[in-house]
Protein chains: 2
Amino acid sequence: MSNKNKASITELLRASKLSITDTRVKILELFMNSNGALEHSSFEKLAGQTFDRVTVYRTLQTFLDKGIIHSIPTTDTSIRYALCKSDCSEHDHHDHHVHFKCEECGTTTCLEDTDVPEIHLPKGYAMHNVDVVVSGVCKQCK
Amino acid sequence: MSNKNKASITELLRASKLSITDTRVKILELFMNSNGALEHSSFEKLAGQTFDRVTVYRTLQTFLDKGIIHSIPTTDTSIRYALCKSDCSEHDHHDHHVHFKCEECGTTTCLEDTDVPEIHLPKGYAMHNVDVVVSGVCKQCK
DNA sequence: ATACTTATGCAACTTTGTTGCATAAAAATT
DNA sequence: AATTTTTATGCAACAAAGTTGCATAAGTAT
């Protein structure tokens with residue numbers, strides 16, 4: 001982890017009015033170092049470091065609330081999380097990209113360049129958020 | 001539950017080469033009587049009937065395998081299930097409709113008439129399935 | 001340096017999901 | 001229609017995932 005990233009993590013936390021703690025910094029480092037979305041269990045295993053389960057739950061919830069990370073829907077029981085891009089904020093939070101889950105390697109990635117297409121709902125429905133999850137085989141596994 | 005539906009449940013099970021048991025019939029009745037998608041916990045509560053947790057898990061898994069129901073991804077821990085339409089089969093199973101989750105009443109419904117738009121993936125990716133989940137406010141709650 | 005606020009970790013608990021095995025029920029066979 | 005074979009169910013015991021309250025530790029403000 002470069003000093004540049006360390007600094008930007010600190011800034012990110014400060015911008016969200018969160019106090020800068022060890023756990024928060026380390027969890028954000030994990031996000032930045034991994035290319036895919038992380039599920040909850042990843043945080044206890046990784047980095048030779050042990051995090052308390054409770055702390056991880058609370059930290060992720062805080063990050064969600066502040067719009068620092070977003071959750072990606074799955075059809076298994078686990079929820080996956082990924083860092084939000086700059087166009088997310090606490091009160092206006094939506095992902096403008098498609099999520100891709102590889103059936104081979106199991107990783108979920110955000111396809112930043114793939115736009116979420118427009119959806120036309122039936123009359124009477126109000127749309128707040130659209131989640132698109134594509135499953136298939138990724139570049140690396142093909 | 002009408003006799004007509006009872007008969008069609010029997011047929012459905014027979015067509016999938018599943019033996020016709022009490023539990024299976026009752027769980028399918030629950031699906032047909034509810035307009036929204038069901039999550040696992042619904043099955044133990046509903047209908048004044050108690051189902052063993054293990055049996056419910058195994059029954060839903062069987063239905064999934066046979067393409068009788070499909071699962072709908074969520075960002076909470078629960079998985080939701082809904083009946084498949086006729087164009088699903090055991091080996092070629094995909095939903096051609098959009099799922100809608102209402103933030104007010106919490107129910108998830110299949111918007112049968114809303115097509116899943118075409119998604120253009122970056123080069124090197126193979127697409128098998130697309131899940132679209134829209135959240136917002138439904139007709140009834142608005 | 002001290003007071004104040006917030007985050008963390010532990011313990012105990014609840015809920016959710018899994019596995020093996022004996023029994024019960026359904027389907028096939030005679 | 002009775003018996004055999006196959007399959008589904010329920011129980012028990014367990015494993016994993018998620019939650020809550022509270023004392024302590026660490027961060028922030030004065």
Side-chain angles (χ1 to χ4, degrees), chain A residues 6-7 9-31 37-66 68-69 71-81 90 106, chain B residues 6-7 9-31 37-66 68-69 71-81 90 106:
Chain A
K6 269 232 163 65
I9 285 175
T10 307
E11 268 173 47
L12 180 58
L13 288 172
R14 220 184 297 275
S16 302
K17 289 176 185 157
L18 293 176
S19 49
I20 295 152
T21 69
D22 244 46
T23 318
R24 285 176 183 164
V25 172
K26 273 170 190 154
I27 287 185
L28 285 177
E29 283 180 5
L30 283 184
F31 272 116
L38 297 170
E39 54 184 318
H40 187 277
S41 57
S42 314
F43 297 102
E44 292 163 53
K45 293 173 207 159
L46 270 176
Q49 174 96 16
T50 37
F51 298 103
D52 188 81
R53 202 163 68 255
V54 181
T55 305
V56 174
Y57 280 114
R58 290 197 270 226
T59 304
L60 291 175
Q61 187 57 53
T62 304
F63 288 173
L64 275 178
D65 291 346
K66 294 291 183 178
I68 296 176
I69 60 175
S71 55
I72 303 167
T74 60
T75 45
D76 54 63
T77 322
S78 71
I79 312 171
R80 285 169 181 274
Y81 303 92
E90 181 166 359
Chain B
K6 269 232 165 65
I9 284 175
T10 308
E11 268 173 49
L12 180 58
L13 287 171
R14 219 185 297 275
S16 302
K17 292 179 184 154
L18 292 175
S19 49
I20 294 150
T21 70
D22 245 46
T23 318
R24 285 176 184 163
V25 172
K26 273 169 189 154
I27 286 185
L28 285 176
E29 282 179 4
L30 283 183
F31 272 115
L38 298 169
E39 54 184 319
H40 188 278
S41 56
S42 314
F43 297 102
E44 292 161 54
K45 293 173 204 156
L46 271 175
Q49 173 95 17
T50 36
F51 298 103
D52 190 80
R53 203 163 68 256
V54 180
T55 305
V56 174
Y57 281 115
R58 289 196 270 227
T59 304
L60 291 175
Q61 187 56 54
T62 305
F63 287 173
L64 275 178
D65 291 346
K66 294 290 183 179
I68 295 175
I69 61 176
S71 55
I72 303 166
T74 61
T75 45
D76 54 62
T77 321
S78 70
I79 311 172
R80 285 169 181 275
Y81 302 92
E90 181 167 359

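Every chain is numbered from 1 and lettered A, B, ... according to where its sequence line falls, protein lines coming before strand lines.
- Remark: A:T59 is in phosphate contact with C:dT8, judged by side-chain N or O atoms under 4.0 Å from OP1 or OP2.
- Between the side chain of B:R58 and the base of D:dG10, at least one donor-acceptor pair of N or O atoms lies under 3.5 Å.
- The side chain of B:S19 sits closest to C:dA27 out of D:dT28, D:dG18, C:dA27.
- Protein atom NE2 of B:H40 is 16 Å distant from nucleotide atom P of D:dG18, rounded to whole Å.
- Side-chain N/O atoms of B:T21 include none lying less than 4.0 angstrom from OP1 or OP2 on D:dT7.
- The side chain of B:V54 lies closest to D:dC11 when the candidates are D:dA8, D:dC11, D:dT19.
- Between A:T55 and C:dG9, a side-chain N or O to OP1/OP2 separation shorter than 4.0 Å is present.
- A:T74 contributes atom OG1, which lies 8.5 Å from atom CD of A:E39 (distance to the nearest 0.5 angstrom).
- When each of B:T77 and B:L18 is assigned the nucleotide of DNA chain D with its nearest heavy atom, B:L18 is the one assigned upstream, toward the 5' end.
- Note that CD1 of A:I27 is 11.0 Å distant from OH of A:Y81, once rounded to the nearest 0.5 Å.
- A:L60 places its CG atom 15 Å from the C1' atom of D:dT19, with the value rounded to the nearest Å.
- Rounding to whole angstrom units, CD1 of residue B:I20 and P of D:dA8 are separated by 12 Å.
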Applying side chain to side chain contact (heavy atoms under 4.5 Å, CB included), run through B:L13 and B:F63 and close with a yes or a no. CA-CA 9 Å; B:L13 287 171; B:F63 287 173; 4.0 Å; yes
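- Phosphate contact (OP1/OP2 of C:dT8, side-chain N/O of A:T23, threshold under 4.0 Å): present.
- Using a 4.0 Å heavy-atom distance criterion, A:S78 is classed as making no nucleic acid contact.
- One atom, CZ of B:F51, and another, P of C:dA25, lie 15 Å apart when rounded to the nearest Å.
- Distance, B:I27 CD1 to D:dA8 P: 13 Å, rounded to whole Å.
- Between the NZ atom of B:K26 and the P atom of C:dA25 there is a distance of 12 Å, given to the nearest Å.
- In this structure the side chain of B:I68 reaches within 4.5 angstrom of the side chain of B:S16, judged on heavy atoms.
- Between A:I72 atom CD1 and B:T75 atom OG1 the span is 10.5 Å, to the nearest 0.5 Å.
- Protein atom CG of B:L13 is 12 Å distant from nucleotide atom P of C:dA26, rounded to whole Å.
- For B:R53 and C:dT16, the shortest distance from a side-chain N or O to OP1 or OP2 is not below 4.0 Å.
- For B:L28 and D:dA8, the CG to P distance is 14 Å, given to the nearest whole Å.
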